[in-house]
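A short write-up of the structure that comes next.
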Amino acid sequence: MVGKHDLAMPPGADPASLSRYLNEAHDEFVSSGQADPALRQLVLDSWQRSVDGGLDPERAMAVIRLDDAALAEIRDTHPLAAGMPVIRRLLVESAADAGLLVAVSDAAGQLLWVEGSASLRSRAESMHFVPGADWSETIAGTNAPGTALALDRPVQIFGPEHLARQVTPWSCSAAPIHDPDTGAVLGVLDLTGGAEVATPQSLTLVRATVAAVEAELRIERLSPSKPAVVSSGWSLPALDVLGGHGATLRHGSTTTRLSLRHSELLLLISESADGLTTDELGVALSDDEQAKVTIRAEMSRLRSALGPIELASRPYRLKNVIETDVVRVRDELARGQLRQAVASYRGPILPTSTAPAIERLRDELHMHVRSCLLMSENADALLSFADTAHGRDDFEIWQRTLEVLPLTSPRYAQVAAHVARLDEELG
């Protein structure tokens, strides 16, 4: 919820008068360190954080951290790539016509896309407002994308509210984009230009676009990209078991929610290259001996839910290949696509299942993801995992995040505080 104090230029304010007042307040703060108490608290706090971190308002400049190859690699695997068509349709096209810029950052504050007015992009290059640049608050000073990331809330900054001198002619409105499944911060959407960007309408437009992007990500995960097609023209069915109480099975245009027992059975069979006997399934599903007739009855009911997917018997095995999100995460980890693997890992395998074989699969995959993260220096991937329900209390993950996170990161203080809290709780 955005309150009146979150608005850089409230309705009825005169931009010229506001700019004169802010320039005077900015000069006073830079020269003496004294802040006008009439300034918005959000701005005062951000200015203080920036100078406490050693930022020089007269010389601060965003740092370009990603070269073209690194930028291309991150774009290819970043979850927000799926939201870019929505951003371009809802915001970039109109922004270009209006002479504005639209920027999208990752969770660490690095700009991944900067699009819009060609002439404004050229002007923005002089202050390093370009793809690959680090616009975290402690590097670039008070700015909408960096401060929105630091606070995890929508932010507007009008002209001289920017602390770095070279950015004071610009205004911006930004809001964080969250993972629709885990709530983790994926990045920030920003609109940059002149005084018109600091209006309430601009922030409303940014927030509406963010909501549309999060909705698109949710839809994209429910209806992922077209499954692979084999030579016969058959589309591979897909089974999703991560983070849900029951699996979702898709074949053709049909989507089916399976019961927990059917989810367990289908996953176990899909994981077995040679199939599983009735006895093996009984042991896999329970520490207590399962009556063979019970397994057979469940398998008969499962067949009716599989549609055209063929299930053979003696042993039970699939005649068709099924793609699973478990295999997808493993493959992404094997290819070194850690950020994509974290995005695909929407939670542990069937978290409410108590079947021994499912619990083993769940623990193995979770530890595999954690192990890769703990050996990584990818702050964006670590933050995205740490922010989730399955990472929030993981001390080692948060500790590793703190180790690799630059001191200049807008998340550094928050991560350090969380590590301290977890350390105290663990004794």
Side-chain angles (χ1 to χ4, degrees), residues 77 79 82 179-182 184 217-218 220-228 230 235-251 255-276 280-281 283-285 299 302 305-306 309 311 315-374 376 381 384-385 388-391 394 397:
T77 59
D179 186 294
D181 294 322
T182 66
L217 294 178
R218 188 177 293 109
E220 189 263 346
R221 290 176 184 180
L222 291 173
S223 305
S225 57
K226 294 180 181 178
V230 296
S235 296
L236 291 182
L239 182 71
D240 291 339
V241 297
L242 294 176
H245 298 302
T248 300
L249 175 65
R250 292 181 300 279
H251 49 84
T255 300
T256 305
R257 285 285 292 179
L258 301 178
S259 68
L260 180 59
R261 178 59 82 205
H262 287 171
S263 302
E264 295 166 339
L265 287 166
L266 188 54
L267 176 61
L268 291 173
I269 293 169
S270 72
E271 287 277 306
S272 174
D274 300 322
L276 294 168
E280 288 171 331
L281 283 171
V283 172
L285 291 173
M299 295 303 293
L302 175 59
L306 294 181
I309 301 170
L311 182 64
Y316 291 111
R317 62 198 183 281
L318 292 166
K319 291 186 177 181
N320 312 104
V321 176
I322 290 185
E323 294 185 325
T324 71
D325 50 359
V326 173
V327 171
R328 182 166 65 248
V329 170
R330 290 187 190 129
D331 288 346
E332 288 165 348
L333 291 174
R335 291 194 297 266
Q337 296 174 335
L338 188 56
R339 185 62 183 80
Q340 189 61 35
V342 170
S344 298
Y345 187 68
R346 297 195 291 274
I349 295 172
L350 299 174
T352 58
S353 172
T354 57
I358 297 295
E359 289 181 332
R360 283 194 296 275
L361 281 174
R362 181 192 303 148
D363 291 344
E364 287 169 3
L365 184 63
H366 191 77
M367 293 308 295
H368 189 189
V369 175
R370 286 186 76 254
S371 296
C372 291
L373 284 167
L374 291 172
S376 166
S384 295
F385 185 90
T388 64
H390 46 273
D394 192 324
I397 287 290

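Just so we're clear, the structure is a prediction, and the values are computed from it rather than from any experiment.
The shortest side-chain heavy-atom distance between Asp240 and Thr324 does not fall under the 4.5 Å cut-off. Residues Ser384 and Arg339 meet the side-chain proximity criterion, which asks for heavy atoms closer than 4.5 Å. Looking at Leu285 and Glu264, their side chains come closer than 4.5 Å, going by heavy atoms from C-beta outward. Contact of the Leu267 side chain with the Leu361 side chain is registered, since non-hydrogen atoms from C-beta on lie closer than 4.5 Å. Asp179 has its side chain out of reach of Pro79: every pair of non-hydrogen atoms, C-beta onward, lies at least 4.5 Å apart.
Put simply, CG on Leu311 and NZ on Lys319 are 9.0 Å apart, with the number rounded to the nearest 0.5 Å. Leu365 CG to Arg370 CZ: the interatomic distance, rounded to the nearest 0.5 Å, is 12.5 Å. A distance of 10.0 Å separates CZ of Phe385 from CG of Leu338, quoted to the nearest 0.5 Å. Distance check, rounded to the nearest 0.5 Å: CG of Leu302 to CG of Leu258 gives 7.0 Å. Taking CG of Leu374 as the reference point, atom CG of Asp394 lies at 7.0 Å (rounded to 0.5 Å). Ile269 contributes atom CD1, which lies 5.5 Å from atom CG of Leu281 (distance to the nearest 0.5 angstrom).
Closest approach of Val241 and Ala247 over heavy atoms only: CG1-CB, 3.7 Å. Gly275 and Glu280 get closest at one heavy-atom pair: O-OE1, 4.1 Å. The minimum heavy-atom distance between Pro356 and Val283, with the atom names listed, is CG-O, 4.2 Å.
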Does Leu239 form a side-chain contact (heavy atoms from CB on, under 4.5 Å) with Leu266? I'd like the steps, not just the answer.
CA-CA 9 Å; Leu239 182 71; Leu266 188 54; 3.8 Å; yes

Residues Ile309, Leu249; criterion side-chain contact (heavy atoms from CB on, under 4.5 Å); working and verdict:
CA-CA 10 Å; Ile309 301 170; Leu249 175 65; 4.0 Å; yes

Set out, in order, the CA-CA distance, both residues' side-chain angles and the distance that settles side chain to side chain donor-acceptor pair (under 3.5 Å) for Glu332 and Ser344, then state yes or no.
CA-CA 9 Å; Glu332 288 165 348; Ser344 298; 2.9 Å; yes

Step by step, work out the side chain to side chain donor-acceptor pair (under 3.5 Å) result for Tyr345 and His390.
CA-CA 10 Å; Tyr345 187 68; His390 46 273; 5.7 Å; no

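A donor-acceptor pair under 3.5 Å is absent between the side-chain atoms of Ser353 and the main chain of Leu350, judged by distance alone. For the pair Asp325 (side chain) and Arg328 (backbone), a donor-acceptor distance under 3.5 Å is absent. The backbone N or O of Ile349 lies less than 3.5 Å from a partner atom in the side chain of Arg362, making a donor-acceptor pair. With hydrogens and angles disregarded, no donor-acceptor distance shorter than 3.5 Å links the side chain of Ser376 to the backbone of Cys372. Side chain of Ser263 to main chain of Gly246: no donor-acceptor pair is present (N/O by atom type, distance under 3.5 Å, no hydrogens or angles).
Electrostatic pairing of Asp274 and Arg317 does not count as a salt bridge here, judged by no charged N lying under 4.0 Å from a carboxylate O. Between Arg330 and Glu271 a salt bridge is recorded (basic side-chain N to carboxylate O distance below 4.0 Å).
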